[in-house]
Structures are given as structure tokens and as C-alpha cells.
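Written below as C-alpha cells is the structure these notes are about.
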Amino acid sequence: MNKKSVRDIDVAGKKVFVRVDFNVPLENGAITDDTRIRETLPTINYLIEKGAKVILASHLGRPNGEFVDSLRLTPVAARLSELLGKPVAKADEAVGDAVKAKADVLNNGDVLLLENVRFYPGEEKNDPELAKQFAALADVFVNDAFGAAHRAHASTEGIAHFLPAVGGLLMEKELDVLGKALRNPERPFTAIVGGSKVKDKIGVIENLLKIADNIIIGGGLSYTFLKAQGYEIGKSLLDKDRLELSLSFIEKAKESGVNFLLPVDIVVTDDFSADANTQIVGIDGIPADWEGIDIGPKTREIYADVIKSSKLVVWNGPMGVFEIEPFSHGTRAVAQACAEAEGYTVIGGGDSAAAAEKFGLADKMDHISTGGGASLEFMEGKALPGVVALQDK
Ligand SMILES: Nc1ncnc2c1ncn2[C@@H]1O[C@H](COP(=O)(O)OP(=O)(O)O)[C@@H](O)[C@H]1O
Ligand SMILES: O=C(OP(=O)(O)O)[C@H](O)COP(=O)(O)O
């Protein structure tokens, strides 16, 4: 990393505002995968050992600038406390007098977790006033939130204009590992893109077409491509503003010799639950009032063959709603193929990492990245605003 890291500065006795990505998957208020919390422990423990006063800030979900009780960071504070083996103070807000009072009484080595920064409308707008309020809590800013480094938000980018700003140890590790894998990618290089953040992810495909040999599309992303080709997609996820763009990617892939793989069969359901009715249909057979929920068995086989014979695989986004067992087979097949692939495998994203953990395959991957969208944007060669804002070495 050509940016300063927490190792390059003196933090003893200082209040350090650490932006982390604790955007972990939750089910009924319980954390189902704590990878993102565990991955920040080296930075937090380093700061504790050096005698810093550690103030942690994160987003959780997309509350759109409002206080949403189910997206409070309370379960995260409890889990972090268990992992650190010490108390973690929790604030009910992220800025303001009460928070400042909590920050001011921290002793060296203490840890305070602020409330979800996305409860404030200024966060995603990168409002300098909110960034200033965050900065007023501390002496130094450390960005360890690789998973949110592609967002120019008040707590990831804005704050860096008001405090000395350096990267954390996770940020450093992610940039080094991904940089090494992607500088001269081994070929065939396969990028797998799935998940539900359709708008974000369709955007990255344009650049993937310039660097990958195979592009595999799955998950909620697939249906916009199918619809663009004229297929009925029923109630499946759709980005209706990107139909033409999707079609143009299929054309571009043909012109440039990129193998662009879309599902050939789909698992469809009439309800979003484990006991719903399901069917396996060809891409021309999605019933109008059903929705696509996973890739089908033929698709699983085709995708697995391509993955297994690749020299570099970068995967972000589940192939289906893997959290519900009957719809997890596509994601499991892709995870299994990544585990068996002879090449280097990188999995990125909170839910994709959670899937690999759930299937017991995480330790078979070469690198589990805490960032999905961030690793895709990094791979495209885009500057990540949360990194750009840090001090140069
Ligand atoms: N066909 C689908 N329809 C709706 N949601 C889907 C579909 N396929 C996958 N998903 C959902 O996508 C979510 C993960 O998407 P995303 O956040 O983009 O991935 P990641 O966190 O790995 O970057 C999962 O919760 C999964 O249930
Ligand atoms: O989960 C995240 O991204 P990811 O799903 O691409 O891995 C990050 O926490 C960023 O969240 P956001 O996509 O709501 O900005």
C-alpha cells in the first residue's frame, strides 16, 4: 500500500477514530457470520496494545438516514467484546454531546463502538458537517473498512479531510493481496458476479469485459440480462434502467471473445420461504407470477467446469438465496468448484464470505476478501475514495 498505515504513526494516548466494516449478515437480530468482525481484530488489538483510545464506527445495512432499531450495532458490540476478551462500550448515537462525553472518558486501551453511521442522512451524502462532527471525537483517523472503501461517505472519505488519516492493517492486507493477484492475472481469469445489489454490480461488468476471459453471471443479477434478451422473468429481481446496457455487454463480450455465461436453467419459486413451491425451468419457462431464486442444475455444472479449469477466479455475490436451504445449491456448487479450482481463488463480499463459511469451504479459498463491491471496483482499476483520501507514504 502506497498509503501510510497505522504502523507509521504514533497512537499512544490518542483518540483514534477507526472506520470498520461491521456490515455483517443478521437473522432475527443474531449475527450469522462474524468474518468481518474477526478480520478487524489485528488493527483493534494493535491499537489497544499501543495504548490508543479506540473509537469504532461502522454502517450496518441500508437504513437510509433514519434510526432503525433492527440495524443498531448492539449485537456487534457484544460479539466484538467476546472476541477481544474485554468490554466494549456502546454509544446509542454516532455524534453529539453524549457520544463526545463517552469518548472523552476513555482510558488508554479502551474500546467504544458508535451507533450505525448510516442513521444520519449526511453519511452517504458525504456531508462535511457530519464528517467534522466525527473528526471532533478523535485525534487520528484510521480507515480499516475495505468493504466500504468504494463509498465516498462522511465516515470513510469526508473525515479524512479533517484529521491525519491512515489505513488499518486489514485495509493494507486486502490491497496487497488483491493487488498481487490482479497485477498480472494468471489466465484463464474468471470473474463471477451475483448477489442482489444489481445496480452496483451491472456497472462493474463493463470493465470486467476488458480484463477477464470468462464472466459468469448468477443471482439476482441474471434476470436483467434475461429480460433484456426478451425472456419472461416473472417477479424476479430486475434493474429496468439497465436493460439496454446489459444487452450491450452481451454484444461486447461476443465482439471481444469473452466467454459470457448466463444461466441456462433456473430454480423458480412462488414464495420467498423454505416451504414454498419450486420448479426447475429453462430460461424460457419462468412463470409470470413466480420468481427466480437460484441457478438450475445444468447451469451449476457448466459454471463449475469453467471455474475448475481457471487459473484465477474472483467471485462476488451468491448465485441464489443461499440463506434458505432449498435455494442454496447453486451457491454451494460454485463455492465447491472454487475450492477445487487449480488456480488462485478470491471470494469477496459479506454474503459470499458467509456462504463459504456456511458450507465449510472458507479455508479452501486462497483469499476471502471482506469487500464485494470494493474488490470488484479495485479489480477494475478504479481508485477507491476511502483509500485515495489517506496520507501518502
Ligand atoms: N435470485 C435472487 N433473488 C433475490 N436475492 C438474491 C438472489 N440471488 C442471490 N440473492 C441474495 O443476494 C444477497 C447477497 O447479495 P450482495 O450483497 O450483492 O452480495 P455480497 O454481500 O456477497 O457482496 C444474498 O442475501 C442473497 O440471498
Ligand atoms: O456489504 C458491503 O458491500 P458488499 O455487499 O459489496 O460486500 C459493504 O459493507 C458496503 O455496503 P453498501 O453496498 O451498502 O455500501
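Ligands are counted one by one from 1 in listed order, and the atoms in each one are counted from 1 as well.
- Taking a 4.0 Å cut-off on heavy atoms, Glu291 fails to register as neighbouring ligand 1.
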Could you please spell out the steps behind the salt bridge (charged side-chain N to carboxylate O under 4.0 Å, His left out) verdict for Lys132 and Glu129? CA-CA 5 Å; Lys132 255 188 234 170; Glu129 287 310 314; 3.5 Å; yes
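- Close approach of ligand 1 to Asn316 (heavy-atom distance below 4.0 Å) involves ligand atoms 20 (P), 22 (O), 23 (O).
- Residue-to-ligand polar distances place Asp351 within reach of ligand 1: an N/O pair is separated by less than 3.5 Å.
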Using the salt bridge (charged side-chain N to carboxylate O under 4.0 Å, His left out) rule, take Asp104 and Lys100 through it: C-alpha gap first, then chi angles, then the decisive distance, then the call. CA-CA 6 Å; Asp104 287 342; Lys100 190 141 185 12; 3.6 Å; yes
Under the criterion salt bridge (charged side-chain N to carboxylate O under 4.0 Å, His left out), I'd like the reasoning laid out for Lys308 against Glu342: C-alpha separation, chi angles, the key distance, then a yes or no. CA-CA 6 Å; Lys308 281 193 228 164; Glu342 52 178 288; over 6 Å; no
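- In this structure, the side chain of Asp144 engages the main chain of Leu170 through a donor-acceptor pair within 3.5 Å.
- Among all non-hydrogen protein atoms, the one lying nearest atom 15 (O) of ligand 1 is Ser196 N, 3.0 Å.
- At the top of the distance list for atom 27 (O) of ligand 1, counting protein heavy atoms only, stands Glu323 OE1, 2.7 Å.
- In this comparison of Gly348, Gly219, Gly194, Gly292, the heavy atom closest to atom 3 (N) of ligand 1 sits on Gly292.
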Take Tyr120 and Phe67 through the test ring pair (Phe, Tyr, Trp, His ring centres under 6.0 Å) and record every step on the way to the result. CA-CA 8 Å; Tyr120 299 83; Phe67 276 69; 5.5 Å; yes
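- Scanning the protein for heavy atoms near atom 11 (O) of ligand 2, the closest one is His59 NE2, 3.3 Å.
- Contact atoms of ligand 2 toward Asp21: 8 (C), 9 (O) (distance under 4.0 Å to a heavy atom of the residue).
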Dump the intermediate steps for ring pair (Phe, Tyr, Trp, His ring centres under 6.0 Å) on Phe260 and Phe249, then the final yes or no. CA-CA 9 Å; Phe260 198 84; Phe249 292 160; 7.4 Å; no
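- At least one N or O atom of Lys197 sits closer than 3.5 Å to an N or O atom of ligand 2.
- Taking a cut-off of under 4.0 Å to the non-hydrogen atoms of Gly350, the atoms of ligand 2 that pass are 7 (O).
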Yes or no on salt bridge (charged side-chain N to carboxylate O under 4.0 Å, His left out) for Lys199 and Asp239, after CA distance, side-chain angles and deciding distance? CA-CA 7 Å; Lys199 179 163 124 332; Asp239 182 349; over 6 Å; no
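- When only interatomic distances are considered, the shortest N/O to N/O separation between Gly373 and ligand 2 falls below 3.5 Å.
- Here Phe134 and Phe17 bring their ring centres to under 6.0 angstrom of each other.
- Among Pro263, Gly320, Gly373, the residue whose heavy atom lies nearest to atom 8 (N) of ligand 1 is Gly320.
- Residue-ligand proximity, Gly195 to ligand 1, at heavy-atom distances under 4.0 Å covers atoms 12 (O), 15 (O), 18 (O).
- Between atom 6 (C) of ligand 1 and the options Leu221, Asp294, Val321, the minimum heavy-atom separation is to Val321.
- Annotation for ligand 2: atoms under 4.0 Å from non-hydrogen atoms of Gly372 are 4 (P), 6 (O), 7 (O).
- Looking at Asn23 next to ligand 2, an N or O pair under 3.5 Å apart turns up.
- Among protein heavy atoms, atom 22 (O) of ligand 1 sits closest to Ser352 OG, 2.6 Å.
- Residue Gly349 approaches ligand 2 through these ligand atoms, each under 4.0 Å from one of its heavy atoms: 7 (O).
- Of the options Glu174, Lys173, Glu39, Arg38, a side-chain hydrogen bond (donor to acceptor under 3.5 Å, both in side chains) to Thr370 is made by Glu174 and by none of the others.
- The existence of a salt bridge linking Lys3 and Asp8 is excluded, since no basic side-chain nitrogen approaches an acidic carboxylate oxygen closer than 4.0 Å.
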Between Ser155 and Arg19, is the side chain to side chain donor-acceptor pair (under 3.5 Å) condition met? List the steps. CA-CA 7 Å; Ser155 69; Arg19 178 55 157 98; 2.6 Å; yes
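- Here the heavy atom of the protein found nearest to atom 7 (C) of ligand 1 is Gly220 N, 3.5 Å.
- Counted by atom type alone, Gln336 and Glu340 present one or more donor-acceptor pairs between their side chains at under 3.5 Å.
- Atoms of ligand 2 found under 4.0 Å from any heavy atom of Arg118 (numbered from 1 in listed order, with element): 11 (O), 12 (P), 14 (O), 15 (O).
- A distance of 11.5 Å separates CD in Glu186 from OG in Ser310, rounded to the nearest 0.5 Å.
- Closest heavy-atom approach to atom 15 (O) of ligand 2 among the candidates Arg36, Arg62, Arg151: Arg151.
- Residue contacts with ligand 1 include Tyr223, since one of its heavy atoms falls under 4.0 Å from the ligand.
- Each of the following atoms of ligand 1 lies closer than 4.0 Å to a heavy atom of Lys201: 16 (P), 18 (O), 19 (O), 20 (P), 23 (O).
- Ion pairing of Arg36 with Asp21 is present here, as a side-chain N (NZ or NE/NH1/NH2) and a carboxylate O approach within less than 4.0 Å.
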